[in-house]
Amino acid sequence: MTNLLIEEQLTLDSTVIGMSTIATGLDVPWEITWGSDNYIWMTEQGGRVSRLDPRTGKRKVVLNLAGVYRNRSMGLLGMALSRDLKKEPYIFLDYTYLNGEKVLSRLVRYTYRNDSLVEPLVLLNDIPGNNGHNGSRIIVAPDGKLMMSTGDAHNSNNAQDPTSINGKILRLNIDGTIPADNPMPGSAVWSWGHRNIQGLAYGTNSILYSSEHGDAIEDELNIIQKGKNYGWGKVEGYVDTEEEKELAKATPVTEPIKSWTPTIAPAGIQFYNSSLVPEWKNAVLLTTLKAGALYVLKLDKNGKKVVSENIYFTQAYGRIRDVCVSPTGEIYISTSNKDWNPSEGFPKLKDDRIIRITKVRTERKSKKTTPAITAGPKPVTIIAGGHSIYTNYCTACHKKSGEGVIGNFPPLKGNPGVTGNKDALISVVLNGLSGPRNVNGVEYNQAMPGFKFLNDKDVAAVVSYIRTNFGNKASAVTAADVSNVRKIKK
């Protein structure tokens, strides 16, 4: 490996790791994956596929895909490579496109030849899509089958409908035919009850892990098993409410091995089993968008339980979209700061980037150094006051300033819906909101989840906070106000 400039260092236990930028000026590298040719293969959301030499950072574009519809989280998304490109030179791509005004997704197999992707073969076409929740991850299984995640396309009923292709993990032969041993004859469905899977990775013993976006709560890390229902549409995260327990009696639900509330927006994952960074061996590496961090989730010896969690680089690089690992144990992460919902202060001048993480040296455990980048704090789970609630649940969309993201997330600052009728605002916070709406002359059509899981006191605190901050001067609300609105909804 060519020596790259170590820009920052971080001491773990006895291992000092260093971070080096190997590629800059990218445009939302959605997928990065290590190929059997020892290059990093990369998709960029606008439709470009490239091979990246990890030793020099030199890039070679192998496809500029026409017909990609890029908007918000739509575009050229997932990619998978055959395990041996010499024997089977196949590259699999998943992207969104438009048919009239309808958003659809397509899975296509390409052949890699003479530094180009040629001979497209459509494996799945006309997968219903939406302005989000399109899934997108693809991976080739140890048995050579193709696994692909689809989102629920903003319709939670799809996830529990066995006839719908949405909200599922699909399993196909590499020619697009359906394997005879799938759970339902003639169906590509392998598992269901998924909301929006954003990461797939195989670990030891062919265990398939997935990362999945929750709604307002319960982001998940799951172990995917044949024919299992993971609950979405009926159950969020663990089966732990009385309503969920009743539903699970009729339809058994497979629970996650880890969940997060407040949500962290999990993205790409990779199983790490190298001794290069021994502190991370036998762990799922999970990148996050909202938290802007790399989570290291250590597993038990069977790979079926998370035994510890460590969080690194919180907001040091902005949103982190994906991760891949070289055969010698170097870790590569890609940022996603030019996408539709950048963290505040991003994109930076060199964004988007791919960053290498590798061992620099080993130190005695007793010797401590001050790292240039420190491990970030774990998400706050004890909520106290409107500001804390807003930080945990609202800033990812509406931002610290309350100004939102124009065209995507409406501002709270100067918003008549915030400063007007308090009961209407309480109802929105409790029950969510969907459909087109106009705020100060700008059209918005992004769904907002409901927060009825918060108690009356916490809802009152956050509603009061947004009505009295960002220059807003409306009256505060009380827990009794929230209770009254909650009763009306019932």
Side-chain angles (χ1 to χ4, degrees), residues 29-54 59-68 75-97 104-127 134-150 165 168-182 188-190 197 199-202 206 208 210 224 268-271 322-327 332 334:
W30 194 281
E31 181 90 45
I32 56 172
T33 188
W34 193 274
S36 61
D37 56 355
N38 287 321
Y39 277 70
I40 294 173
W41 287 68
M42 168 180 62
T43 65
E44 292 173 87
Q45 195 176 353
R48 184 164 53 196
V49 182
S50 303
R51 292 171 72 236
L52 174 68
D53 188 335
R59 301 196 299 273
K60 171 66 177 178
V61 176
V62 295
L63 178 68
N64 279 303
L65 186 58
V68 172
L76 173 57
L77 306 177
M79 174 176 61
L81 279 60
S82 294
R83 289 175 171 261
D84 188 336
L85 289 173
K86 289 184 178 179
K87 293 181 179 179
E88 290 184 332
Y90 297 140
I91 312 297
F92 304 90
L93 300 176
D94 170 42
Y95 64 93
T96 56
Y97 64 99
L104 300 168
S105 291
R106 176 180 289 146
L107 175 64
V108 185
R109 188 187 82 188
Y110 285 82
T111 299
Y112 177 56
R113 185 180 300 123
N114 298 326
D115 282 337
S116 296
L117 297 187
V118 297
E119 300 175 5
L121 174 66
V122 176
L123 304 185
L124 279 177
N125 207 21
D126 298 340
I127 303 168
N134 295 302
S136 81
R137 292 298 179 186
I138 321 167
I139 193 169
V140 176
D143 66 0
K145 306 301 183 186
L146 197 63
M147 313 298 287
M148 175 185 177
S149 68
T150 62
I165 205 169
K168 309 295 192 296
I169 286 184
L170 310 177
R171 180 173 181 257
L172 297 167
N173 295 315
I174 61 171
D175 62 359
T177 58
I178 296 172
D181 58 345
N182 273 12
V189 173
W190 183 255
I197 288 175
L200 291 174
Y202 277 96
S206 298
L208 178 57
S210 75
I224 301 300
I269 60 175
Q270 188 67 245
F271 179 71
D322 202 15
V323 56
C324 72
V325 177
S326 77
Y332 297 82
S334 63

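Just so it is clear, the values below take in all heavy atoms, side chains as well, and ignore hydrogens, waters and symmetry mates.
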Can you find a heavy atom in the side chain of [X] that is under 4.5 Å from one in the side chain of [Y]?
X: D53; Y: Y39; result: yes
X: V122; Y: R106; result: yes
X: I127; Y: M148; result: yes
X: N173; Y: L146; result: no
X: L63; Y: I91; result: no

Going from [atom1] on [X] to [atom2] on [Y], what distance comes out if it is rounded to the nearest 0.5 angstrom?
X: S50; Y: I32; atom1: OG; atom2: CD1; value: 12.5 Å
X: D181; Y: W190; atom1: CG; atom2: CH2; value: 6.0 Å
X: R113; Y: E119; atom1: CZ; atom2: CD; value: 4.0 Å
X: L172; Y: I178; atom1: CG; atom2: CD1; value: 7.0 Å
X: T43; Y: D94; atom1: OG1; atom2: CG; value: 9.5 Å
X: L170; Y: L107; atom1: CG; atom2: CG; value: 8.5 Å

Salt bridge check: are R171 and D143 linked by an N-O gap of less than 4.0 Å?
-> yes
Heavy-atom pair with the smallest gap, counting every atom of [X] and [Y]:
X: V140; Y: R83; value: O-NH2, 3.0 Å
X: A201; Y: Q270; value: CB-CA, 3.9 Å
X: K145; Y: P179; value: CD-CG, 4.2 Å
X: L85; Y: S36; value: N-OG, 3.0 Å
X: P327; Y: N38; value: CG-OD1, 4.1 Å
X: I224; Y: S210; value: CD1-OG, 3.5 Å

Kindly indicate, with the supporting measurements, whether the criterion side chain to side chain contact (heavy atoms under 4.5 Å, CB included) is fulfilled by F92 and L121.
-> CA-CA 9 Å; F92 304 90; L121 174 66; over 6 Å; no
Between [X] (side chain) and [Y] (backbone), is there a donor-acceptor pair under 3.5 Å?
X: T33; Y: A80; value: no
X: S136; Y: L77; value: no
X: Y97; Y: D126; value: yes
X: T96; Y: G75; value: yes

Side chains of N134 and Y95, donor plus acceptor under 3.5 Å | no
Starting from the C-alpha separation in whole Å, work towards a yes-or-no answer on side chain to side chain contact (heavy atoms under 4.5 Å, CB included) for S116 and N114.
-> CA-CA 5 Å; S116 296; N114 298 326; 5.5 Å; no
Test applied, side-chain contact (heavy atoms from CB on, under 4.5 Å); reference residue, V49; option that passes from L93, L65, N64 = L93
Reference residue R137; test side-chain contact (heavy atoms from CB on, under 4.5 Å); the match among M79, E31, M147 = E31
Go through the steps for T177 and D175 under the test side-chain hydrogen bond (donor to acceptor under 3.5 Å, both in side chains), then give the verdict.
-> CA-CA 6 Å; T177 58; D175 62 359; 2.6 Å; yes
List the steps, then state whether side chain to side chain contact (heavy atoms under 4.5 Å, CB included) holds for Y90 with L81.
-> CA-CA 6 Å; Y90 297 140; L81 279 60; over 6 Å; no
Using ring-ring contact (aromatic ring centres under 6.0 Å, His included) as the criterion, point out the one residue from Y112, W34, Y332, W30 that pairs with W41.
-> Y112
Testing K60, R51, K86 for salt bridge (charged side-chain N to carboxylate O under 4.0 Å, His left out) with D37, which one passes?
-> R51
Show your reasoning for whether side chain to side chain contact (heavy atoms under 4.5 Å, CB included) applies to S82 and K87.
-> CA-CA 9 Å; S82 294; K87 293 181 179 179; over 6 Å; no
